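Quantities reported herein were computed from a predicted structural model and do not represent experimental measurements.
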Amino acid sequence: MTTDIKAALRALHIETPSWAYGNSGTRFKVFAQRGVPRDPYEKLADAAQVHAHTGVAPTVALHIPWDKVADYAHLAAHARELGVGIGAINSNVFQDDAYMLGSVTNPDPAVRRKALAHLLECVDIMDATGSDTLKLWFSDGTNYPGQDDIRARQDRLAEALSAVYARLGEGRRFLLEYKLFEPAFYTTDVPDWGTAYAHCLRLGPKAQVVVDTGHHAPGVNIEFIVAFLLREGKLGGFDFNSRFYADDDLMVGAADPFQLFRIMYEVVRGGGLTAGVAFMLDQCHNIEPKIPGQIRSVMNVQEATAKALLVDRDALAAAQAGGDVLGANAVLMDAYNTDVRPLLAELREETGLAPDPMAAYAKSGYFEKIAAERVGGTQAGWGA
Ligand code: RM4
Ligand code: MN
């Protein structure tokens, strides 16, 4: 039993986002922190630290153009030297003046062409870096009733998606991300999992849905969405983060560790602990130090997964079949209430890591080193 759980935990692979290592903030203020990377190479070095101390974060997602470099194959080789690989390529069609009224759904065909060209450039970057996943998030939408034709925007979206789909190479896929609102406040062109699912279903197996846990209305049952998409073979992965209000992008498992457990239970139940489902973090560390923020987040996902794996599935099935409402609930709660930290510490020690990644990082001297070395230049942030 524990051997199986440990094997599953060892195989767990959590991807960290390059942008979490740069400066970030709210629309009111971006606080600069010491030691922050000044280019994508330094971001990868920081991500490698997270992997070095946790052992389960071997890939890093890139965001283009935030991580634009002259030679992507060189960047990928640099990552390999550091002991990590390039994960999902995230497109960015939300920071150019041209996109004020939308990118791929813009009423102006010239803007749509520009946006599509960027998405196709991202496919080229996948080929250059060896990444197998493209993540598409569109800020497209409208602010006022009547502003644009809701239906025509869906047609434009479908057209762009099918052009990207056609360009995907062998073994490549794209993940379509939905988000309830923001920056658009009236309609959003991909506002929910149903819209994303319908577009992906039409396109075929290389198009899947990504669930960003911060992109739902309060009270939405995210684990239901996860169970449904997994059952349909359309769950491509997660953008993990947590929220108290809207898209807060706080550390995953910080606001609601119980929700994270419920999500991971559905993943385990649906056979989703495989390479086919990408467990990515999409967070910003506005006020906390960035590398430890990522380490803590990785540990939170590990803990939720360990608890989900501990659910006594036979006892649960028996209670469910017998209509034993309280018994079934108790089986889940027993797993959730188990302290899995000793198990994870043991697992790390078995693989030659320190039992406490937070303490090991603090002791490593890495922060002091980057704070001293990374002076001058421009710190990485949201502006590319
Ligand atoms: C969006 C979405 C995307 C992320 C950007 C920065 O809200 O979550 O995944 O790339 O933010
Ligand atoms: Mn996201």
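Between the CG atom in L120 and the CG atom in L168 there is a gap of 9.5 Å [rounded to 0.5 Å]. Atoms CD1 and OG, on I64 and S18 in that order, are 8.0 Å from each other to the nearest 0.5 Å. Note: N337 CG to F258 CZ = 8.5 Å, rounded to the nearest 0.5 Å. Here the OG1 atom belonging to T213 is positioned 7.5 Å from the CG atom belonging to L260, to the nearest 0.5 angstrom. The distance from the CG atom of L44 to the CG atom of D46 is 9.0 Å, given to the nearest 0.5 Å. For the atom pair OG1 (T338) and CD (E303), the distance works out to 12.0 Å, reported to the nearest 0.5 Å.
F174 has its side chain within reach of V164: a pair of non-hydrogen atoms, C-beta onward, lies under 4.5 Å apart.
Checked for salt-bridge contact, D132 and R172 miss the test: no charged N lies under 4.0 Å from a carboxylate O.
Ring-plane geometry between W193 and F228 is classed as tilted, the angle between the planes lying from 30 to 60 degrees on a 0 to 90 degree scale.
Donor-acceptor pairing under 3.5 Å is recorded for the side chains of Q302 and R348. In this model, a donor atom of one side chain and an acceptor atom of the other lie less than 3.5 Å apart for Q294 and H285. T133 and R173 are linked by a side-chain donor-acceptor pair at a separation below 3.5 angstrom, with hydrogens and angles left out of the test.
Centroid-to-centroid, the aromatic rings of F261 and Y336 come within less than 6.0 Å. No close placement of the H53 and Y366 rings is indicated, their centers lying 6.0 Å or farther apart. For Y178 and H216, the ring centers sit closer than 6.0 Å to each other.
Partner of K179 under the salt bridge (Lys or Arg N to Asp or Glu O under 4.0 Å) criterion, chosen from D212, D192, D247: D247. Screening N92, D249, D282 against W19 for a side chain to side chain donor-acceptor pair (under 3.5 Å) leaves a single residue, D282.
In the hydrophobic clustering, F185 connects to L180, F181, either directly or through intervening members, whenever side-chain heavy atoms lie under 4.5 Å apart.
Residue pairs meeting the side chain to side chain donor-acceptor pair (under 3.5 Å) criterion with at least one member in residues 256-278, sequence neighbours excluded: E223-R262.
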